[in-house]
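Worksheet: one structure, shown below.
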Amino acid sequence: MVWFNVDDGFPTSPKVLSIPRGERMAAVGLWTIAGASCAKHLTDGHIQTFMLDEWGADPLSAEALVASGLWETTPQGFVFHDWEGWQRTREEVEGKREAERLRKKTWRENRADQKANHVPPLSHGTDSGTDALVPRVSQHPNQAKPSPTKPSRLSTKELLVDDSPEPISELRPEVERLCILLRDLVVANGSKVPVIGPSWHTAARLMLVADGRDVDAAERLMRWCQADSFWRGNVLSMPKFRKGYDQIRLHAERQRIERQEQVKVPKDQQILDVIETGRRMQAEHDRKALSA
C-alpha cells in the first residue's frame with residue numbers, strides 16, 4: 001500500500017487560498033482523488049485528461065488547480081507540481097518492494113536449508129547391532145541464545161516481518177488481544193474509533209518481544225491508563241502506549257503508594273484518638289479521686 005501524503009498546512013497554503021472560494025472545495029477534492037490514484041498506480045503524479053471524466057470532475061476544477069500552481073499541464077493531461085518533493089516515486093516504491101522480496105526470499109531459503117540439514121538424534125544401536133555414537137547435548141544451553149525448550153511467545157514470522165502486512169487474524173492472540181482492548185477502551189472514553197493497522201501490530205509485538213513486557217501486566221496498565229484523566233487523553237494508540245509504558249507504569253505505582261498512605265493516615269489518627277480519650281478519662285478519674 002502506498003500512501004498519498006497531505007501536509008496539515010495544505011488547507012491554508014497560499015496556492016489553495018488562491019483558488020476562488022466557490023471553486024475551492026471541488027478543486028481540492030479533485031486534487032485529493034487524483035493524488036490517491038497517482039500514488040496507487042505509481043504514475044509519479046501524471047494524470048491523463050480522460051480521468052477527469054472518469055472521476056466526474058468539472059474541467060474548470062482542473063483549470064483552477066493549474067492556475068493556482070498545484071498542477072501543471074502536459075501533452076497527455078496534467079501533472080502534480082513537485083510530486084517528488086512530497087510523495088514517493090515509482091522508483092522508490094518498486095525499489096523498496098524488491099528489497100523486501102529479496103529479504104523474505106533469503107529468509108525462506110535459509111529456513112529451508114536449516115530444515116534440510118537438520119540431523120535427527122542417533123539411536124543407541126544400528127540395524128547391524130553395533131552401537132552408534134550418540135552426541136551429548138549440553139543441559140546448560142548458552143544463556144545468550146534463546147533456549148530451544150523455551151520458544152518465543154510470538155512466531156518467527158512475526159519477529160521477522162517489519163511492517164506486519166498480514167491480517168490481524170494471522171497474528172498471535174497476545175497481539176490481537178492487546179490491540180482490540182486498547183481500541184475498545186479508547187472508544188469507551190468517547191474518542192473516535194482508531195484504526196488497528198500495521199503500526200499497532202508492530203508496536204504491540206515489539207512491546208512483548210523486544211521490550212519483554214508481560215501480557216497480563218500490559219493489559220492491567222492499559223486499563224489503568226485509560227481510566228486515568230491525564231493519560232487517557234494522551235495515549236490513543238498502541239505506538240503511544242508502548243513509547244510511554246515506563247512513564248505510565250511509574251505514575252500508576254506512585255498513585256498506588258499515595259493511596260496506601262492515605263489509607264494509613266485515618267488508622268493512625270484513630271489510634272491517637274483512642275489514646276487521647278483514655279488520657280482524658282484517666283485525668284477525670286484522678287480529679288474525682290482527689291476531690292473525694
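Numbers here simply count residues along the sequence, with the first being 1.
- Looking only at distances, a side-chain donor or acceptor of R24 sits under 3.5 Å from a matching main-chain atom of I19.
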Just list the side-chain donor-acceptor pairs under 3.5 Å for residues 8-17, sequence neighbours left out, or say none.
{"unit_1": "T12", "atom_1": "OG1", "unit_2": "G9", "atom_2": "O", "d": "3.4"}
{"unit_1": "S13", "atom_1": "OG", "unit_2": "F10", "atom_2": "O", "d": "2.9"}
{"unit_1": "S13", "atom_1": "OG", "unit_2": "V16", "atom_2": "N", "d": "3.4"}
{"unit_1": "K15", "atom_1": "NZ", "unit_2": "G69", "atom_2": "O", "d": "3.4"}

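- Taking E98 as the reference, R101, L102 meet the side-chain contact (heavy atoms from CB on, under 4.5 Å) condition, with sequence neighbours excluded.
- Here NZ of K104 is found 16.0 Å from CZ of R111. Values are rounded to the nearest 0.5 Å.
- The salt bridge (charged side-chain N to carboxylate O under 4.0 Å, His left out) test applied to D216 returns R177, not counting sequence neighbours.
- Atoms NE2 and CD, on H201 and E176 in that order, are 8.0 Å from each other to the nearest 0.5 Å.
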With a 3.5 Å cut-off and sequence neighbours excluded, list the donor-acceptor pairs that the side chains of residues 45-52 form with protein atoms.
{"unit_1": "T49", "atom_1": "OG1", "unit_2": "Q76", "atom_2": "O", "d": "3.1"}

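- With side-chain heavy atoms closer than 4.5 Å counting as contact, directly or through intermediates, the hydrophobic cluster containing V187 also holds V193.
- Salt bridge status for E92 with K96: absent, with no side-chain N to carboxylate O gap under 4.0 Å.
- E100 is listed as a side-chain neighbour of R103, based on a closest heavy-atom distance under 4.5 Å.
- Closest non-hydrogen pair, F4 versus A39, comes out as CB-CB, 4.1 Å.
- More than 12 heavy-atom neighbours from other residues, nucleotides or ligands sit within 6.0 angstrom of CG on D7.
- Under the 3.5 Å distance criterion, the side-chain polar atoms of T32 are matched with a main-chain donor or acceptor of V28.
- Exactly one residue among W31, W71, W83 makes a ring pair (Phe, Tyr, Trp, His ring centres under 6.0 Å) with F78. That residue is W71.
- Looking at heavy atoms from C-beta onward, D246 lies in side-chain contact with R249 at the 4.5 angstrom threshold.
- Applying the salt bridge (charged side-chain N to carboxylate O under 4.0 Å, His left out) criterion to K105, with sequence neighbours excluded, gives E109.
- The CG atom of L208 sits 10.0 Å away from atom CZ of R242, with the distance rounded to the nearest 0.5 Å.
- Side-chain contacts under 4.5 Å among hydrophobic residues (ILVMFWY), followed directly or transitively, place V2 together with L42, V93.
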Take M207 and M238 through the test side chain to side chain contact (heavy atoms under 4.5 Å, CB included) and record every step on the way to the result. CA-CA 9 Å; M207 180 175 65; M238 187 61 71; 4.2 Å; yes
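- Here the CD-CG distance, from E23 to L30, works out to 12.0 Å after rounding to the nearest 0.5 Å.
- Note: the hydrophobic cluster containing I33 does not contain V79 (ILVMFWY, side chain heavy atoms under 4.5 Å, direct or indirect links).
- Sorted by first and then second residue, the salt bridge (Lys or Arg N to Asp or Glu O under 4.0 Å) pairs involving residues 64-90 (not counting sequence neighbours) are R90-E94.
- Shown here are the salt bridge (charged side-chain N to carboxylate O under 4.0 Å, His left out) partners of R254, two or more places apart in sequence or in another chain: there are none.
- Listed by chain and residue number, R287 satisfy the salt bridge (charged side-chain N to carboxylate O under 4.0 Å, His left out) test with E284 (two or more places apart in sequence, or in another chain).
- Here side-chain hydrogen bond (donor to acceptor under 3.5 Å, both in side chains) pairs that include residues 60-69, with residues two or more places apart or in two chains, number zero.
- Linking ILVMFWY side-chain heavy atoms closer than 4.5 Å, directly or via other members, places L65 and M25 in two distinct hydrophobic clusters.
- Using a 4.5 Å heavy-atom threshold, the side chains of L70 and H81 count as separate.
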Distance-only criterion, 3.5 Å: show the donor-acceptor pairs between side-chain atoms of residues 220-232 and protein atoms not counting sequence neighbours.
{"unit_1": "R223", "atom_1": "NE", "unit_2": "E219", "atom_2": "OE2", "d": "3.4"}
{"unit_1": "R223", "atom_1": "NH2", "unit_2": "E219", "atom_2": "OE2", "d": "3.2"}
{"unit_1": "W224", "atom_1": "NE1", "unit_2": "Q255", "atom_2": "OE1", "d": "3.2"}
{"unit_1": "Q226", "atom_1": "OE1", "unit_2": "N189", "atom_2": "ND2", "d": "3.0"}
{"unit_1": "Q226", "atom_1": "NE2", "unit_2": "V235", "atom_2": "O", "d": "2.9"}
{"unit_1": "D228", "atom_1": "OD2", "unit_2": "F230", "atom_2": "N", "d": "3.0"}
{"unit_1": "D228", "atom_1": "OD2", "unit_2": "W231", "atom_2": "N", "d": "3.0"}
{"unit_1": "W231", "atom_1": "NE1", "unit_2": "H251", "atom_2": "ND1", "d": "2.9"}

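- Inter-residue side-chain proximity for F241 and L178 is flagged as unmet; no heavy-atom pair is nearer than 4.5 Å.
- Across all their heavy atoms, A204 and C179 have their closest contact at CB-SG, 4.0 Å.
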